[in-house]
Asks: 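Handing you a structure now.
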There are 2 protein chains.
Amino acid sequence: MLPPQADPGDSEKVVKVIPEATVARLAVYLRVLGQLADGGAETVSSEELAAVSGVNSAKLRKDLSHLGTYGIRGVGYDVASLQHELEKVLGLDHPQAVALVGVGNLGHALAGYGGFGGRGFPVTAMFDVDPDLVGTPINGIEVRHVRDIPAVCPAVGVTIGMIATPAQAAQQVCDQLVAAGVHSILNFAPTVLQVPAEVEVRKVDLAVELQVLAFHVAGRINEGGPTSPQVVHGRNGSAVATS
Amino acid sequence: MLPPQADPGDSEKVVKVIPEATVARLAVYLRVLGQLADGGAETVSSEELAAVSGVNSAKLRKDLSHLGTYGIRGVGYDVASLQHELEKVLGLDHPQAVALVGVGNLGHALAGYGGFGGRGFPVTAMFDVDPDLVGTPINGIEVRHVRDIPAVCPAVGVTIGMIATPAQAAQQVCDQLVAAGVHSILNFAPTVLQVPAEVEVRKVDLAVELQVLAFHVAGRINEGGPTSPQVVHGRNGSAVATS
DNA sequence: CTATGTGAAGTTCTTCACAGCT
DNA sequence: AGCTGTGAAGAACTTCACATAG
């Protein structure tokens, strides 16, 4: 159940540090495990799980080793129990309340996205400034005015905020969320948010993603003339630009 | 398997290697420079530009140093020319044609998202399998059936594909895009795509982002009681879980 | 004197390769 | 035998701190 060296009872706090890069992959492993479980698998080897997750097996084993020892040597990992363990580590046992700010084009899509309510992330509150939206229900949740953030978020226990407003509004909205005690923010607005150190921001920046891809396209064009050599990048390799 | 760099023997091609991590930030700098230019700034110091971009100034200078020497010591960087240089490096001088596959909830939002057509990334082709969608125009582009990918993509010169289909369909769609010569893919579907080595995939995985945030929320809960110590993470710091 | 560009040091992440458990 | 868990080596990235150009 618990790692033997831990002493969870008293003030002697045993802390396991999990690298940031690992955390993001754990979420992927968890999803893959779900698929494997649906397929009826009881155990997986690191080799299999890694292949389906798109990583190499040594990395996967090291990632899982940060959680403790959950594998069986000579066999692999028990799908169900590893799944359960990952859910626990990722904090999916006690569900998170998510607030969505900005119910425009993108926000509307996010509100309806299955991945949230379906898998432990109910959108519990929605905010906008558009008078045509405020007061109307979306997915059964009434859209409130942005000015109500300080009142509503603590009341419904919001722990995660998603910002899908235009860029100009994002910083102000962010400040309000932080003031309302929301310390984890997912930012879809194309702007860099300034936040206090205790606030965790992750961004989804579509323009940046496309520009990174464009960079690689440009590299391919400039690099490979009529003769097209192997493109120089692996799973996470460096890139090449000519001058 | 991969000859990293061809022998630099006689073709005297000067190649600058730009780290992957840097490329993603260049796109951010470019956006910030645009804002500064709108604000009338002629030059910026690395300190300023870094602060607005949310990075530290040494990192910014090292990033820019990969492109060559574009700063003026004692002064800073010329906003306009740096902007121009970044656009060139990121391949934004010759525009990219983007194909969007999956015009459901999320895809519809992406089609209308301003960041694309507005800034060098016109959505040039759209695909879906829903008979109610196929044939109808969205944003002036007619939605074609997914089976037309091999015909349409090369015809309109698509270089970047965006996949916004359900997870089950994503791999198949991906294979079709790759077969159609699309070597850069932005994947919104919650699944890991298997692609040949020469194809560049970037993913936007909302469930993963939320789960990473949830992990940090859980860490805060388990960690900080009534006395709330400094949370252990910097811009990209490691995280903490208690047991 | 100011702010860049960069070697060098430091940190984090990845990969290797093999000891050790089942 | 087969496969995990891990120390050690390596690669990538970040930060420091200062020589150097303007």
Side-chain angles (χ1 to χ4, degrees), chain A residues 3-5 16-26 28-29 33 41-51 53-79 81-82 85-86 212 232-240, chain B residues 1-2 4-5 16-26 28-29 33 36 41-79 81-82 85 212 232-240:
Chain A
Q5 73 268 29
K16 280 175 292 209
V17 177
I18 301 182
E20 190 72 10
T22 292
V23 175
R25 285 189 298 266
L26 294 181
V28 175
Y29 304 152
L33 284 170
E42 304 239 313
T43 62
V44 246
S45 67
S46 64
E47 204 69 57
E48 283 177 82
L49 183 50
S53 303
V55 304
N56 97 15
S57 67
K59 193 185 322 199
L60 181 137
R61 288 199 302 277
K62 181 136 296 197
D63 282 343
L64 294 185
S65 77
H66 291 295
L67 317 182
T69 298
Y70 292 98
I72 308 156
R73 294 182 189 223
V75 178
Y77 299 88
D78 182 79
V79 171
S81 66
L82 183 55
E85 180 60 25
L86 287 178
V212 171
V232 184
H233 77 283
R235 174 122 299 269
N236 198 9
S238 292
V240 169
Chain B
M1 180 180 169
L2 280 185
Q5 240 137 341
K16 280 172 290 204
V17 177
I18 301 182
E20 190 73 10
T22 292
V23 174
R25 285 189 298 265
L26 294 181
V28 175
Y29 305 152
L33 284 170
L36 292 174
E42 304 239 315
T43 63
V44 247
S45 66
S46 63
E47 204 69 58
E48 283 176 81
L49 183 50
V52 184
S53 302
V55 304
N56 96 14
S57 67
K59 190 180 336 197
L60 181 136
R61 287 198 302 278
K62 182 137 292 195
D63 282 344
L64 295 184
S65 76
H66 291 295
L67 318 183
T69 297
Y70 292 97
I72 308 155
R73 294 184 189 227
V75 178
Y77 299 88
D78 181 79
V79 172
S81 63
L82 183 55
E85 181 59 25
V212 171
V232 184
H233 77 284
R235 175 124 298 268
N236 198 8
S238 292
V240 170

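For clarity, every value in this text was computed on a predicted model and none was experimentally measured. Values reported hereafter were calculated over all heavy atoms of this structure, with side chains retained and with hydrogens, waters and symmetry mates removed. By convention in this document, chain letters (A, B, ...) are assigned in the order of the sequence lines, proteins followed by strands, and residues within each chain are numbered from 1.
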Asks: Students often get this wrong, so: under 4.0 angstrom with heavy atoms, is A/Ser57 touching a base, only sugar-phosphate, or nothing?
Replies: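 If one applies the 4.0 Å heavy-atom cut-off, A/Ser57 turns out to touch nothing in the nucleic acid.
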
Asks: What is the distance, to the nearest angstrom, from the CD atom on B/Glu47 to the P atom on C/dT2?
Replies: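 Going from B/Glu47 (CD) to C/dT2 (P), I get 13 Å.
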
Asks: Please list, chain by chain and in numerical order, all residues satisfying side chain to side chain donor-acceptor pair (under 3.5 Å) with A/Ser81, sequence neighbours excluded.
Replies: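 A/Asp78.
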
Asks: Atom CG of B/Asp63 and atom P of D/dC13: how far apart are they, to the nearest Å?
Replies: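 So the two atoms are 10 Å apart, to the nearest Å.
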
Asks: Could I get the full list of side chain to side chain contact (heavy atoms under 4.5 Å, CB included) partners for B/Ser65, not counting sequence neighbours?
Replies: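 B/Ser65 satisfies side chain to side chain contact (heavy atoms under 4.5 Å, CB included) with B/Lys62 once adjacent residues are dropped.
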
Asks: Rounded to the nearest angstrom, tell me the gap between atom NE2 in A/His66 and atom C1' in C/dT14.
Replies: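 Between C1' of C/dT14 and NE2 of A/His66: 11 Å.
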
Asks: Given C/dT4, D/dT4, C/dT6, which nucleotide is nearest the side-chain atoms of B/Ser45?
Replies: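 Per side-chain heavy atoms of B/Ser45, the pick is C/dT4.
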
Asks: Categorize A/Thr22 for me: base, sugar-phosphate, or nothing, with a 4.0 angstrom heavy-atom threshold over every strand shown.
Replies: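 No contact at all - A/Thr22 keeps every heavy atom at 4.0 Å or more from the nucleic acid.
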
Asks: Considering residues at least two apart in sequence or located in another chain, which fulfil the salt bridge (Lys or Arg N to Asp or Glu O under 4.0 Å) criterion with A/Arg25?
Replies: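 So A/Arg25 forms a salt bridge (Lys or Arg N to Asp or Glu O under 4.0 Å) with A/Asp63.
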
Asks: Between C/dG7 atom P and B/Lys59 atom NZ, what is the distance in whole Å?
Replies: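 About 20 Å, once rounded to whole Å.
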
Asks: Could you state the CD1-P distance from A/Ile18 to C/dT14, rounded to the nearest angstrom?
Replies: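 Whole-Å distance recorded here is 14 Å.
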
Asks: Using atom CG of B/Leu26 as one end and atom P of D/dC13 as the other, report the distance to the nearest whole Å.
Replies: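 Distance, rounded to whole Å: 13 Å.
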
Asks: Could you check how far CG of B/Asn56 sits from P of C/dT4, rounded to whole Å?
Replies: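 Computing the B/Asn56:CG to C/dT4:P distance gives 12 Å.
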
Asks: I'd like to compare against my own output: the B/S/- annotation of nucleotides 17-22 of chain D with a strict under-4.0 Å heavy-atom distance to protein.
Replies: B-BBBS

Asks: A/Tyr70 side chain N/O closer than 4.0 Å to the phosphate oxygens (OP1, OP2) of D/dC3?
Replies: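 Result: no.
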
Asks: What pairs with A/Glu48 under salt bridge (Lys or Arg N to Asp or Glu O under 4.0 Å), at least two apart in sequence or on another chain?
Replies: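 A/Glu48: no salt bridge (Lys or Arg N to Asp or Glu O under 4.0 Å) contacts found.
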
Asks: What is the distance, to the nearest angstrom, from the NZ atom on B/Lys62 to the P atom on C/dG7?
Replies: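 Result: 7 Å.
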
Asks: Using the test side chain to side chain contact (heavy atoms under 4.5 Å, CB included), find all partners of B/Val52 that sit at least two apart in sequence or belong to another chain.
Replies: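 For B/Val52 the side chain to side chain contact (heavy atoms under 4.5 Å, CB included) partners, ignoring immediate neighbours, are B/Val32.
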
Asks: Quick check: do B/Tyr29 and B/Leu64 have side-chain heavy atoms less than 4.5 Å from each other?
Replies: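 Yes - at least one pair of side-chain heavy atoms lies under 4.5 Å apart.
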
Asks: Taking C-beta and beyond as the side chain, do B/Leu82 and B/Leu49 meet within less than 4.5 Å on heavy atoms?
Replies: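 Of all side-chain heavy-atom pairs linking B/Leu49 with B/Leu82, at least one is under 4.5 Å.
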
